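Letters A, B, ... are given to chains in the order of the sequence lines, protein chains preceding strands, and every chain is numbered from 1. All of these numbers come straight from a predicted model, not from anything done at the bench.
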Amino acid sequence: MTTLHLLSQSPFTSPLDSTLRPLGVRDGLLLCGDACHALQPGSAPLEMLEHLPASVAVHALEEDLQARNLAAPERVQVVDYPGFVELCTRYDKVNGWL
Amino acid sequence: MTTLHLLSQSPFTSPLDSTLRPLGVRDGLLLCGDACHALQPGSAPLEMLEHLPASVAVHALEEDLQARNLAAPERVQVVDYPGFVELCTRYDKVNGWL
Amino acid sequence: MAKAMLIVSRHSPWSGLGAREALDIALAGGAFELPIGMLFLDDGVFQLLPGQQPAAVEQKDLAANLQALPLFGVDDLYVCRQSLRLRGLDGQPLALPATPLEGPELADLFDRYDLVITL
Amino acid sequence: MAKAMLIVSRHSPWSGLGAREALDIALAGGAFELPIGMLFLDDGVFQLLPGQQPAAVEQKDLAANLQALPLFGVDDLYVCRQSLRLRGLDGQPLALPATPLEGPELADLFDRYDLVITL
Amino acid sequence: MKFAIALFAPPHAPSSRRALRFAEAVLAGGHEINRLFFYQDGVHNASGSIVTPQDELDLPAQWRAFVERHKLDAVVCIAAALRRGVLDAQEAQRYGRTAIAVTPPWELSGLGQLHEAAQQADRLVCFGGV
Amino acid sequence: MKFAIALFAPPHAPSSRRALRFAEAVLAGGHEINRLFFYQDGVHNASGSIVTPQDELDLPAQWRAFVERHKLDAVVCIAAALRRGVLDAQEAQRYGRTAIAVTPPWELSGLGQLHEAAQQADRLVCFGGV
């Protein structure tokens, strides 16, 4: 049973490691809200994300990148709300890390 | 103007370093709530506290230690509410880290 | 067949309602005879420590409700070993028989459940 | 003589009301012509980044209120350099002229104020 | 697909708006929502007492309009709501309070409704935190 | 000494109880409290709508009893309270809401009251977080 993990907390106030620990190799990640700051070039969280297995698909919510003036690195796929819904159907379950 | 710093967040969810950074050598620290878990032997937060200058007085609220079945190490002075009030009068100002 | 739900409890018993409201979901599920598992993660592991005295902070005893889990048919209890380790608690006795899991075992745990709620 | 208040703002502009409600204390103090300083710490440093588009998440522009600080007589703006550094933002242009401070300078800053509120 | 959507955060948390925009996209995409369930501080999203500044997004009003327009099953956890002072007429009367913040189509009920929705849906999606 | 006490956390956060026990100790120690100021989620501590389970500490009730017993100046930030649905009679009427959660001795007012209290007190002590 694959899981789509939703992350919304800032990786600087709520460290990423315990949320990435239960990540399976076929799981997906969707960054929204302040979790998008993990994509800040030169930050430790981005390095953690880049070390995830290539089989883990990493996505980010478009509006949150725009609001923060952030660009998505190559491995990150940008989705809008219809894309968010579609992602939920693609994985067996969804886990929102509060 | 010395400061008494109140800490109540768990040092494991809200890392200690940014709250300890503005600490002056004549300042004081009062651990209450989940911040008392910083006194857990063998944890990284305790090590950080033990590296504070000796001039920084470290206190912990008695009821929170009792509730958590925690003991205070030698450098930590245990206070009750009257002691908490007295500490506030001893420093020039009080800063509550939320 | 009923879907199995994993409840991930990340809050200390002292930090407000988080721990209690996660537990209430587990107990409600148990009452409906649903297959429920609980994982104690991050500060949630503090819920498992023995010898707590919530009366010292005029708080109700969460431990009593936790002890009720098996009575409600919730036997699948897990604890993140790395969370224990970071808190200097690895190897300490726990008040509930929760199975300690390492990183890859956590991923396997998530994999086995149909539903997850993290609180 | 009026006491000087340091307001420590630790919240991102996107994480709810924290940033706005800290700023409101500063603006109210300025309106009463009190000496107010503001320190942007931890995720609070995100408030200082230029080029934000709050409309993308249907949010009011906090930057407009921040720009109002000098008009309210709040000129003493500081930012924790280590917070910037950890977020990969050190050396980036900021939307407000906040003075970057290193660890010991932070202690000096606290020392200079009569009152502190951290939000 | 059938979605159950749970919300744990108050109206001023960005996750409340995210949950609403997600719910709208679920229906726009031809899917179904079998229940909305508001728990923890999420119960404030069902409150009719919140006054949002005029130039800001009024989430409780938007949630209400959304629920009414699509005739959704919208449940507020009763235990969580009582602790947070978000009462409907019946609970206000039961506990001798005057302030009624929750009116239909919102309904106060127990956690069993969350489990039922999760069991019957194809996906449970929870929103909370920030 | 004269203490100004500010509270930023809701009743179910341990810091609300801590603030109350601290305030009691301030008076018991022969000091004075020139004002209580409730801001952010702390405004819920002034709500008469909260229903606490019988076997748990009823913080809003304890705060009210404390304020009444000692005839304290107790202010709730009006902007923070409106956003959180914690209205007094006047604001409820102004915004066409029916639910009145705040009654005297609590008073809704602006942030100037926080500054005034802080200026006039010997110590400002803020409670919040957990």
Enquirer: Donor-acceptor pairs under 3.5 Å, chain D to chain A, main chain and side chains both?
Expert:
| residue | atom | partner | partner atom | Å |
| --- | --- | --- | --- | --- |
| D:S12 | OG | A:D34 | OD1 | 3.1 |
| D:S12 | OG | A:D34 | OD2 | 2.6 |
| D:D43 | OD1 | A:S10 | OG | 3.4 |
| D:D43 | OD2 | A:S10 | OG | 2.6 |
| D:D43 | OD2 | A:T13 | OG1 | 3.4 |
| D:Q53 | N | A:A67 | O | 2.8 |

Enquirer: Can you tell if the side chain of A:L16 reaches within under 4.5 Å of the side chain of A:L7, non-hydrogen atoms only?
Expert: yes
Enquirer: By a 4.5 Å heavy-atom criterion (distance strictly below it), what part of D:P50 contacts chain A: side chain, backbone, both, or neither?
Expert: backbone
Enquirer: Measuring only between side-chain heavy atoms, which start at C-beta, is D:V8 closer than 4.5 Å to D:F110?
Expert: yes
Enquirer: I want to check something: taking the side chain as every heavy atom from C-beta on, are A:L49 and A:V76 in contact at a cut-off of under 4.5 Å?
Expert: no
Enquirer: For the side-chain contact (heavy atoms from CB on, under 4.5 Å) test, which of A:V79, A:V94, A:V58 pairs with A:L30?
Expert: A:V79
Enquirer: Are the side chains of D:V45 and A:F12 in contact, using a 4.5 Å heavy-atom criterion?
Expert: no
Enquirer: The criterion is side-chain contact (heavy atoms from CB on, under 4.5 Å); which residues satisfy it with A:L98, sequence neighbours excluded?
Expert: C:L119, E:F8, E:Q40
